[in-house]
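Since the structure comes first, as structure tokens, the remarks are kept for the end.
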There are 2 protein chains.
Amino acid sequence: MPFDLLLNNISRYIQLNNGEKEIFFGYLKLKSIKRKEFILTAGEVCKYSTFVTSGCLRGYTVDKNGAEHVLSFAPPDWWIADIYSLISQKPGILNIEALEDTETILLTKANQEKLYTEVPKFERFFRILTENSLVANQQRIVDNMSLTAEERYSIFCKRYPTLIDHLPQKQIASYIGVTPEFFSRMRSEMLRKS
Amino acid sequence: MPFDLLLNNISRYIQLNNGEKEIFFGYLKLKSIKRKEFILTAGEVCKYSTFVTSGCLRGYTVDKNGAEHVLSFAPPDWWIADIYSLISQKPGILNIEALEDTETILLTKANQEKLYTEVPKFERFFRILTENSLVANQQRIVDNMSLTAEERYSIFCKRYPTLIDHLPQKQIASYIGVTPEFFSRMRSEMLRKS
DNA sequence: GTGGAAAGATGATGTAGGTTAAGAAAATTG
DNA sequence: CAATTTTCTTAACCTACATCATCTTTCCAC
């Protein structure tokens, strides 16, 4: 059952009966994404919430100097979307790219709205999802303002232990907000100290 | 009617009939806060969503070096809370303080939950509120990673024109993530250039 | 497997913004 | 309105991190 991981993800916050599950499944679509393929690029309108079942995606912006800034990684069991664009249905700023071959489940904005009407529990589910995301983002703002790069990296390691091994370190550097060069130096510095 | 501003705030996203308004009003409490008074301090559990009708609040954290970091201002027509603490009902990290004498409307977490059950529309309202907040926070992360302090200040001026005049500039400095000294220098630098 | 591209390491040098300190101006409070 | 506290300004010096350049290593496509 390809939806198992997703059902389990959802059951953390709301309980669905079989009828509700059927309705839900009807609104989903499976999609495979090849490594380096994009499912969204800046300037496009985001049409889907994407749930990752295997592989890994990353969401990033490109600033006016051409530098990339990773906003989020989406390993299995995570949702990803350009929330701004998805909500407003205006062109977004996020690029979402597969870091490796990735399997996903898509829920269109339109279907999500239908789901809210037909199974109102989903309103709760996505509210909670958004709340959690907001909390994480707020914490990240605080961390960026008050911690050194080294401290932010330690936090990243604790929070995403599974990601550290198989993620190119320039991606991690970008996520914590430093250049790959500085990140490399910082890491060898940290090893030397320990 | 002290609830006018709040009703108007809500009507941007959901429409309430008179019965629903009555239920809603029954769950609200008015509270006046004196300048420099705190409605929440780090370590406490956040019990309310607070809506400001006049005056201004600020939410900030204190890092391990004792430095303050402003996460949000709440001028009239804004909601404020320690979302993390409010959701989890665990001790939070936010201090919320009145920058001037302020009038507020409080909605307890418990009443908010009741509202979700009795008037499910509110689930939608707070979902949208959270979504908007998430979008703003995400943008702030991007801005902090990719813009200079000067650019962040320009954005702040455009986004919160009413705040600039009557906010001590050290508070603005803290919000955009620089020291008051640097902020002062930067501002005179900007004036010189223009 | 091998050739080319991407990722990583490392050194020299540059800069945005921090720190410390001290005085001037403004705003609160009694 | 005077006293006191808070905020703002300016200046000298400092540091975390960026940039640029070059070299080595790893990866992956054919």
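Labels below follow one simple rule: chain letters A, B, ... track the order of the sequence lines, proteins then strands, and each chain is numbered from 1.
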Q) Within the pair A/Thr179 and D/dA18, is there a side-chain N or O less than 4.0 Å away from OP1 or OP2? A) yes
Q.
Tell me whether the side-chain N/O atoms of B/Gln169 come closer than 4.0 Å to OP1 or OP2 in D/dT9.
A.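 For B/Gln169, the contact criterion (side-chain N or O under 4.0 Å from OP1 or OP2 of D/dT9) is met.
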Q: Go through D/dA29, C/dG17, D/dA18 for me and flag the one nearest to the B/Val178 side chain.
A: C/dG17
Q. Considering only side-chain heavy atoms of A/Phe182, which listed nucleotide, C/dG17, D/dC17, C/dG8, is closest?
A.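 That would be D/dC17.
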Given atom [atom1] of [X] and atom [atom2] of [N], what is their separation to the nearest angstrom?
X: B/Glu100; N: C/dA27; atom1: CD; atom2: C1'; result: 14 Å
X: B/Asp63; N: C/dG18; atom1: CG; atom2: P; result: 12 Å
X: A/Lys36; N: C/dA7; atom1: NZ; atom2: P; result: 6 Å
X: A/Leu147; N: D/dT15; atom1: CG; atom2: P; result: 20 Å
X: A/Asn65; N: C/dA16; atom1: CG; atom2: C1'; result: 14 Å
X: A/Met190; N: C/dA9; atom1: CE; atom2: P; result: 13 Å
X: A/Lys170; N: D/dA18; atom1: NZ; atom2: P; result: 15 Å
X: A/Arg187; N: D/dC17; atom1: CZ; atom2: C1'; result: 18 Å

Q) For A/Ser184 and B/Ala149, take the nucleotide of DNA chain C holding the closest heavy atom to each; which residue's nucleotide lies nearer the 5' end? A) A/Ser184
Q.
Please compare B/Arg152 and A/Leu167 by the position of their nearest nucleotide in DNA chain C and report the one closer to 5'.
A. A/Leu167
Q: Return each pair, listed once, that meets side chain to side chain donor-acceptor pair (under 3.5 Å) where at least one residue sits in residues 87-100 of chain A; pairs must be two or more places apart or across chains.
A: A/Arg58-A/Glu97, A/Glu100-A/His166
Q: Kindly compute the distance separating CD (B/Gln171) from CZ (B/Phe73), expressed to the nearest 0.5 Å.
A: 5.5 Å
Q. What is the nucleic acid contact for B/Glu181, judged by heavy atoms within less than 4.0 Å: base, sugar-phosphate only, or nothing?
A. base
Q) Between the two end axes of the helix from C/dG1-D/dC30 to C/dG30-D/dC1, each built from 5 base pairs, what angle do you get to the nearest 10°? A) 70°
Q) Under the 3.5 angstrom rule, does the side chain of B/Glu151 hit a backbone N or O of B/Thr148 as a donor-acceptor pair? A) yes
Q | B/Leu86 backbone acceptor or donor facing B/Lys109 side chain under 3.5 Å | A | yes
Q) Can we say B/Glu123 and B/Arg127 salt-bridge, meaning some charged N sits less than 4.0 Å from an Asp/Glu carboxylate O? A) no
**Q.** Salt-bridge contact A/Glu181-A/Arg185 (side-chain N to carboxylate O under 4.0 Å)
**A.** no
Q: Check step by step if side chain to side chain donor-acceptor pair (under 3.5 Å) holds for B/Arg152 and B/Tyr175.
A: CA-CA 10 Å; B/Arg152 274 175 273 144; B/Tyr175 183 93; over 6 Å; no
Q | base_contact_polar (C/dG11 base, A/Arg185 side chain, donor-acceptor, <3.5 Å) | A | yes
